[in-house]
Chemist: 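Here it is, the structure in full.
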Amino acid sequence: MTLDASCIFCKIVRGEIPSFKVYEDDKTLAFMDINPGNPGHCLAIPKFHSENIFTAPDEWVAATMATTRRIARAVQMTLMPYGMNIVQANGPGAKQSVMHLHVHVLPRGRDDGLLLNWGLKPGNMDEIKALAERIRANLPRN
Ligand code: 5GP
Ligand code: ZN
């Protein structure tokens, strides 16, 4: 596992800053986004610091995508959203704001008006925590 001392997502992996975890295994972590585009917005990350899809080794991308699908299915079961976008940004030009590879699981509401770059608006932490618990309860067990 290679982590970066100053990266905010590496700090979350190390438990140095808190997060509402949804799923964790040896290679990946999934947690709630604190600026949710919509309720249930989660992020999946590798426990390996690389900036983006271009630089991350295949094994870490593969593990992150497996976790993405796992939590996407749990979010789907929990919220039955109108739709769901799986989004991943590379570089400031794509509005990537945290330079540690991550995949957004973003539930959609009917006519919710979300654009590709939906902006960062702080969510209600109690609501986010409660949703994390509901999503965790719908993860497949194995
Ligand atoms: P990006 O803009 O790079 O595609 O996505 C980064 C995401 O990380 C944003 O949606 C932002 O809300 C989220 N984020 C930034 N800092 C934190 C944090 O400290 N905790 C959590 N849970 N999410 C964060
Ligand atoms: Zn990092």
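When a ligand or atom number is given, it counts from 1 through the structure's own listing order. Quick note: residue numbers are just sequence positions, from 1.
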Chemist: Name all pairs fulfilling the ring-ring contact (aromatic ring centres under 6.0 Å, His included) condition that reach into residues 28-47, sequence neighbours left out, sorted by first residue then second.
Modeler: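 Residue pairs passing ring-ring contact (aromatic ring centres under 6.0 Å, His included), neighbours aside: F9-F31, H41-H104, H41-W118.
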Chemist: Kindly give the heavy-atom pair with the smallest separation between T67 and A44, and that separation in Å.
Modeler: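 Nearest pair, atom of T67 first, then A44: CG2-CB, 4.1 Å.
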Chemist: Using the ring-ring contact (aromatic ring centres under 6.0 Å, His included) rule, collect all pairs that involve residues 64-89, keeping only residues at least two apart or in two chains.
Modeler: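 Checked against ring-ring contact (aromatic ring centres under 6.0 Å, His included) - neighbours excluded - no pair reaches residues 64-89.
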Chemist: With a 4.5 Å limit on heavy-atom distance, are the side chains of D25 and K47 in contact?
Modeler: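 Of all side-chain heavy-atom pairs linking K47 with D25, none is under 4.5 Å.
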Chemist: What are the protein N, O or S atoms, given as residue plus atom name, that sit under 2.8 Å from the Zn ion (ligand 2)?
Modeler: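 Counting only protein N, O or S atoms under 2.8 Å from the Zn ion (ligand 2), the list reads C7 SG, C10 SG, H49 ND1, H100 ND1.
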Chemist: Is there a donor-acceptor contact under 3.5 Å from the side chain of N38 to the main chain of P107?
Modeler: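 The answer is yes, because a donor-acceptor pair under 3.5 Å joins these two groups.
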Chemist: Would the number of heavy atoms belonging to other residues, nucleotides or ligands and lying under 6.0 Å from CZ of R69 be above 12?
Modeler: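 Not buried by this count: 12 neighbours or fewer within 6.0 Å.
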Chemist: Is a side-chain donor or acceptor of R73 paired with a backbone partner of N138 at a separation under 3.5 angstrom?
Modeler: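 No, the answer is negative, given that no donor and acceptor are paired below the 3.5 Å cut-off.
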Chemist: Tell me whether V75 shares a hydrophobic cluster with V103, the cluster being built from Ile, Leu, Val, Met, Phe, Trp, Tyr side chains joined at under 4.5 Å.
Modeler: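 Same cluster: V75 reaches V103 through Ile, Leu, Val, Met, Phe, Trp or Tyr contacts under 4.5 Å.
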Chemist: Does R108 CZ have over 12 foreign heavy atoms under 6.0 Å away?
Modeler: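 Yes, because the 6.0 Å sphere around CZ of R108 holds more than 12 heavy atoms from other groups.
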Chemist: If you count only heavy atoms, which residues are under 4.0 Å from ligand 1?
Modeler: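 Lining ligand 1: I8, F9, I12, F31, M32, D33, I34, N35, L43, A89, K95, Q96, S97, V98, H102, H104, L120.
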